[in-house]
Amino acid sequence: MRFEPELVGGHVVLDLLNTVAWRLDPDRWVDRIAEPGARDDWLRAVGLTPAPSDLTVLRETAYRVLQPVAVGAKPEGVDELRELMVAAVGKARIAQLNPLRWQADDPVTELTLATWRLLEDEDLGRLRQCQDDDCGWLFLDRSKNGSRRWCSSADCGNRARAKRHYRRTHP
Ligand SMILES: [Zn+2]
């Protein structure tokens, strides 16, 4: 079965972090790209060339840095992420000089460089964690008034509305 990822993070690295579903619920936590076929489907969906690669180390290291930022806590794993980024630059070539653009042949290196760009270029004040208790997905809130609460209003947003409705009608 083909894996059709939901790309709702607003940045490829956040979409990578969101390949873990139900991140905040140990009973339901699931790695959606654990199988090579699913991993390749995900890489294709974000425009990268599928290749045998372990995305887990980058994903979990970047998560330890970015999730606390999203909730206003102190990031962890910054040194580990730094090591990954330095190694990625070591493997990349300069595709364009002005503005500088790195390019690599393998998806892990590309995604590590994308993590650097996320930290350098994006307004992390807009980084949010979905307000569902168990979801844990991260996204950049690009809404004008900064009011986005859910990874997906059709999914977690809908569930929250249903829950509120249930509480109102079942006092
Ligand atoms: Zn969610």
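Counting convention: from 1, in listed order, for ligands and their atoms alike.
Among pairs with a residue in residues 26-37, those fulfilling salt bridge (Lys or Arg N to Asp or Glu O under 4.0 Å) read Asp25-Arg28, Arg28-Asp134, Asp31-Arg59, at least two apart in sequence or across chains. Applying the salt bridge (Lys or Arg N to Asp or Glu O under 4.0 Å) test to pairs two or more places apart or on separate chains, those with a residue in residues 107-127 are Glu122-Arg142. Contacts classified as salt bridge (Lys or Arg N to Asp or Glu O under 4.0 Å) and involving residues 2-15 (residues at least two apart or in different chains) are given here: Arg2-Asp41.
Taking each heavy atom of Thr112 and Leu84 in turn, the nearest pair found is CG2-O, 3.4 Å.
Using a cutoff of 4.0 Å between basic side-chain nitrogens and carboxylate oxygens, Arg93 and Asp105 are scored as salt-bridged.
Here 4 is the count of protein N, O or S atoms positioned under 2.8 Å from the Zn ion (ligand 1), waters not counted.
Screening Leu16, Thr56, Leu43 for a side chain to side chain contact (heavy atoms under 4.5 Å, CB included) with Ile33, the sole residue that qualifies is Leu16.
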